[in-house]
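Naming convention: chains lettered A, B, ... in sequence-line order (proteins, then strands); numbering from 1 in each chain. Please read these numbers as outputs of a predicted model, since none were measured by experiment.
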Amino acid sequence: MKNAYFPQEIEKKWQKIWEENGTFKTPDESAKPKYYALSMLPYPSGKLHMGHVRNYTITDVIARFKKMNGFNVLHPMGWDSFGLPAENAAMKHGAEPEKWTLENIAYMTKQLKMLGLSYDWDREVTTCLPDYYKWTQWLFLQLYKKGLAYKKSAAVNWCNECGTVLANEQVIDGKCWRCDSVVEKKYLSQWFFKITEYADELLKDLDKLPGWGDNVKTMQANWIGKSEGAIFNFKVVENDMVVPVYTTRPDTVHGITYLVVAPEYKDIEALTTPENKEAVEAYRANARKMTEIERLSNDRVKTGVPLGTHCINPFTGEKFPLWTADYALAEYGTGAVMAVPTHDARDFDFAKKYNLPMKVVIQNAENPSDCNDAAYTEEGVLINSNEFNGMKNTEAKKAITQKAVDEGFGEFKTQYRLRDWLISRQRYWGAPIPVVYCEKCGIQTVPEEQLPVLLPKDVDFSVVGKSPITTSKTFAEATCPCCGGKATRETDTMDTFVCSSWYYMRYADAKNDKAPFSKELINHWLPVDQYVGGIEHAILHLLYSRFFTKALRDLGLLDFDEPFKNLLTQGMVLKDGAKMSKSKGNTVDPDEIFENYGADTARLFILSDSPPARDFDWSDAGVEGCYKFLNRVWRLISSNAENISVSYSLPSSLTKDNDDLVRIVHMAIKGITNDISNDFQFNTVISKYRELVNAIYDWCGKKSQLSDEDKAVLSFAIVSLIKLMSPVAVHLCEEAWTELGGEGSIHAQEWPVWDENLAKASSITLVVQINGKLKDKIEADEALNQDELKELALSSPKVKELTEGKTIVKTIVVPKKLVNIVVK
RNA sequence: GCCCUGGUGGCGGAAUCGGUAGACGCGUCGGACUUAAAAUCCGGUUGGAGUUAAAUCCAGUGCCAGUUCAAGUCUGGCCCAGGGCACCA
C-alpha cells in the first residue's frame, strides 16, 4: 500500500472497475427485501452545483448503507430534460434544444460518475427522449379518457418573458417562478388536469405520511386550503335573479348590510342599473388594468362602487344594496360575498370607508365589543338574530345553515383553495399534447398506436411572440382519426412538471416499450422508501406526483396510494451565509473540488458540518480539514498495513488496552448505525469516524511492538473502520479493503454488528451531585447496587467536606450513573 | 394576520429516558520537529473571580415564570430569526 494518499488516481481506477463489473446494477428479482432510494432528478442545466452534490451524496450513502444491511436497493438517476432554458439557449446561440440538452446530460453524467455515486445507469430516464415522452403522452390520454384532462377557457397566468401560461403553483408572489417577471392575467382556452377532484384525498392522506416533515405537510395543507361553510342564495329585488354567496360564517347572516361581487363576476352587467352602468364599467376597466401584485397588495385601501340593485336577506327580510369591489375574488367560492362589517375585518374597513350600516349579531359577555373601532371576529353568543338569539355562534353555524337547507335557499358547502392544474405551455421544448382539432368532429385524441407525437425539427427559434413550434410547416397538419378529414394539431406542449410527476415509476421498468411500466414491477418497487430533495418542491412537484399516483391508481395501473413513503428535504448549500448563486459570485465548482481534493473529500465534507435538513455553510477551511482527515485515515492504514489482515480472529480474553479499544469499536458501530438509522444524522456519524480514528491512533502510540493479539485487535479496528466509512469515502475504503486482502468489493460486504455487552466502557463513571450540582466523579464497578453506589458517593472526601455540619435530607441514586445528595 | 422551523462558545454544531452542557470539527493561541517553510505531532481555548502556578468558586443553552432532588430537554407566557400562506369571505 502506498504511503501517500492520491485520491485522483484511486478514484478514477475504481470508477472504471465498478462500471466494468456492474457493481451497482440492481436485479428486479432477489431474495432480499427491496429498498428504493431516490434523489429528485436534476434539470440538465450544464454543470452540477453543490446543491446537487449534497442531494445525491445523501441518497447515495443511504443506498449503500441499506445495501450493506441486506436490502436489494434500487438507486436510479435520470434527467428532467424538457424545459425553457434549452429553448432560450437555442434562441441565443442557435443550438438545437435537443443537442444542447444531450450535451449537458453527457457532461453532468461524467460529473456524477466522478462523484462515485452508486447508480444503476441501465435504468436512466431522460424525459425529453421519445421513448419516455411517448408514455407521458399515453398517460395524458388515459387521464383524458377518465375525464381528468379537459380543455376550458379561463383567466390564466401569463408570463410575458417566458411567453407562456403558468400553473397557479408556478406563480410566486405574483411573479413567474422561473424568471421572476410579473405575471399577467389572460383569458385563454387551455388544457387542465383535474387535480381538484382529489383535493380531499390529497389533504386527508397527508396523515398517512409520518415519514414527511410537518413543514412540507402544512404547506400542502395550506395550499389545498379546505374550508367548510355554506352557500346562501339571495333574491335580487329589481329582477328575478339570484346571487349565491359562499361563507364560512353562516352564524353572522343576520348582520349582513350589503353584498359584494367581484369586478369579473359573470352576471355583473345584469345586476347593474342603467344609472350606475358608467361608474361600474369604469371601475371594472380599472380593475382589469391592475396587475395581480397591485391588486393583492396588503395595505391597499379597499375600493368599490354600488351596482344600484338590491338583495333580500331571506332570514330577516331586510333589503340591502349590491356593490362591486375588487376585494372579492372571482375565482374563489361563487365570486360574491355577503358582507358583515361587524364581524369581518375586510367588510369592516369597506363599510367604514363608504359609510355603510353595521349591525352587531355576536357578543361575548367576557369581552364585549360594540364593533365601533374594529370587527369582532372571536366567538360569542348570537343577538339580533331572531330565533337564534342566545345560541353559541359555533352551534349557530350549523343550525342556521340547516334552516336555509330546509327552506330551500341554501346548502352546506366545502370549499378548496386548490385550482385545477393548467398544463398547456406555448413552448416548443416539451412533450406535445397528443390532440388534434377537427372542424367536424371537434377535439380528437391521437390514437395510442400513433404515439409518440414527435417534436418537429423544421423549427425557427428566432421568432418572437409565439411558440417556435408554430413555425413548423408540417407539424400542425393532421388527419382526424374520427372522420379521416383534415385536422389541426395542438401546438401546445405539456408543463415539464407532468414529465416529472411519474419519472420515479419509470425507473422500475425503464426499458418497457409496451407500457410506461408493468404493473408487477411498479407494485414491487414502489412506493419510494426514501426520497431526498429540496424544500422548493414542497408544493409543486410533490403535490403533482401525489395526484398522479392517485389518478393512475384509479386507472388501475398501480396499487398504492402515495408515491413517497419517507421524504427528506435537505437544506440549502450556502457560502458566506448566502445561497450560492452565479449573480452573487459565491459559487464553488464541484469539478475544482474533485480535482484538488477528490470526490471522497467532497462527499465527506458535504455531510459533515450540518444535519441534512438544515442549511449547510460551505467553507474552504472545512474542505481542507476533511482532506486532512482522509489523509490521516490513509496514513493510519498504510503505516500499519503489514500488521493488518481482513481474516483476523479475536482471542476471547484481552489485555486492558486491547479490551478498551475493542469496546470503543463496538461503541462506534452502535453509534454510527443508530445515527444513520435515526434521521440520517451524517454529521454525527462523521464525528464518530474521527473519534474512532483518534482512538486507534492513541492505541498505536502506546505500542512499540505488536503481539499477535495486538495485530488481531488492530485488524478488527481497521476493518470495522473501513466498513463503517465505506458508504461515505467510497473510493478510499475500496482501495484499502483490496490492499488489505479483502475479497470482492467493500460495497458488497455486510455492515458490521456490535455486541451490546461490549458497546460500553468496562467501568462506569459515577457522577456525584450535591443539590443537583456536579461535585465529584468516581470510577466505579458497573455491578454495584444502589446502596453500594450511595455508600461510595458518601465516602468521597469531597462529599464529606461539603456535607460537614449539614443535614442530608434525601439521596437520589440513578443506577450506573449518578448519585444526588440533597442537603440543608 | 395565520401556519411551520429554529434560537447552545469566535464559528458549524453535539448532548437516547429530564441526570457530567459544549462531543467532533473549524478558527485561534502555545509547544515539538525543521537552517527555514509546508506537512505532521502534542497541549490550551464558554465567561468571570482566584492563584507565581494550581486547586477552587460563581454565572451560563433567546427572555420571564413554573414543575422537579435535578431542566438545553417538561409546562405556561413572551421576544427574535428564517421559511410558507394570505383581501380565500
With respect to the side chain of [X], which nucleotide from [options] is positioned closest?
X	options	result
A/Asn694	B/rG84, B/rA89, B/rC24	B/rC24
A/Arg417	B/rA89, B/rC88, B/rA14	B/rC88
A/Arg614	B/rG84, B/rA14, B/rC24	B/rA14
A/Asn683	B/rA14, B/rA86, B/rA89	B/rA14

query: Hey, do the aromatic rings of A/Phe605 and A/Tyr627 have their centres closer than 6.0 Å?
result: no
query: For the residue pair A/Phe315 and A/Phe232, is the inter-centroid distance of their aromatic rings smaller than 6.0 Å?
result: yes
statement: Per the glycosidic torsion and the 90° limit around 0, nucleotide B/rC79 is anti
message: Taking syn as a glycosidic torsion within 90° of 0 and anything else as anti, which one is B/rG9?
response: syn
task: Convert the base pairs of RNA chain B into dot-bracket notation, remembering that pairs crossing earlier ones are written with [ ] and that bases paired across to another strand are shown as |; include only Watson-Crick or G-U pairs under 3.5 Å.
output: (((((((..(((......[....)))((((((.......))))))((((......))))..(((((..]....))))))))))))....
Ring-face cation contact, A/Tyr697 with A/Arg632, 6.0 Å cut, 45° max: yes
Heavy-atom donor-acceptor pair, [X] side chain to [Y] backbone, under 3.5 Å:
X	Y	answer
A/Arg546	A/Leu202	yes
A/Glu801	A/Lys798	no
A/Thr324	A/Val261	yes

Show me the protein contacts with nucleotides 37-41 of chain B, counting only N or O atoms at under 3.5 Å.
residue: B/rU40; atom: O3'; partner: A/Arg635; partner atom: NH2; Å: 3.3
residue: B/rC41; atom: OP1; partner: A/Arg632; partner atom: NH1; Å: 2.6

- line: Per nearest nucleotide of RNA chain B, the residue lying toward the 5' end, A/Asp698 or A/Ile686, is A/Ile686
Span that lies between the [atom1] atom of [M] and that of [N], in whole angstrom:
N	M	atom1	value
B/rG44	B/rU35	C1'	29 Å
B/rG30	B/rA15	P	33 Å
B/rU20	B/rA71	P	11 Å
B/rA14	B/rC69	C1'	27 Å
B/rG60	B/rC79	P	24 Å
B/rG48	B/rG9	P	15 Å
B/rG83	B/rU46	C1'	31 Å
B/rA81	B/rU8	C1'	15 Å

Whole angstroms only, please: what is the [atom1]-[atom2] distance between [X] and [N]?
X	N	atom1	atom2	result
A/Asp214	B/rG84	CG	P	18 Å
A/Glu228	B/rA89	CD	P	12 Å
A/Phe348	B/rA89	CZ	C1'	17 Å
A/Asp344	B/rA86	CG	P	18 Å
A/Asp615	B/rG83	CG	P	10 Å
A/Asp609	B/rG25	CG	P	12 Å
A/Leu604	B/rC24	CG	C1'	12 Å
A/Gln220	B/rA86	CD	P	14 Å

- prompt: Do NZ/NE/NH1/NH2 and the carboxylate oxygens of A/Lys397 and A/Glu228 come within less than 4.0 Å?
  reply: no
Judged by modelled atom types alone, do [X] and [Y] share a side-chain donor-acceptor pair under 3.5 Å?
X	Y	result
A/Thr765	A/Glu779	yes
A/Asn683	A/Ser608	no
A/Glu169	A/Trp177	no
A/Asp420	A/Thr196	yes
A/Thr303	A/Tyr327	no

message: Is it the case that over 12 heavy atoms from other parts of the model lie below 6.0 angstrom from the NZ atom of A/Lys816?
response: no
message: Counting neighbours of CD on A/Glu788 that are heavy atoms of other residues, nucleotides or ligands and sit closer than 6.0 Å, is the number greater than 12?
response: yes
- prompt: Can you find an N or O donor on one side and an acceptor on the other, under 3.5 Å apart, linking the side chain of A/Lys810 with the base of B/rC69?
  reply: no
Report all interatomic pairs (protein N or O, nucleotide N or O of nucleotides 71-81 of chain B) with separations under 3.5 Å.
none

field: Residue-phosphate contact under 4.0 Å: A/Tyr246 side-chain N/O, B/rA89 OP1/OP2
entry: no
task: Mind checking salt bridge (Lys or Arg N to Asp or Glu O under 4.0 Å) for A/Lys398 and listing every partner two or more places apart, or none if nothing turns up?
output: none
statement: Expected string for nucleotides 15-22 of chain B under the B/S/- scheme (protein heavy atoms, under 4.0 Å, primed atoms plus P, OP1, OP2 as sugar-phosphate) is S---BB--
query: Once the angle between the rings of A/His343 and A/Tyr376 is folded into 0 to 90°, is it parallel (under 30°), tilted (30 to 60°) or perpendicular (over 60°)?
result: perpendicular
Can you give me the N/O atom pairs linking the protein to nucleotides 53-58 of chain B at distances under 3.5 Å, or say none if there are none?
none

- prompt: Any idea which heavy atoms bring A/Leu692 and A/Ala668 closest together, and the distance?
  reply: CD2-CB, 4.0 Å
statement: On a heavy-atom basis, the closest approach of A/Val819 and A/Leu789 is CG2-O, 3.9 Å
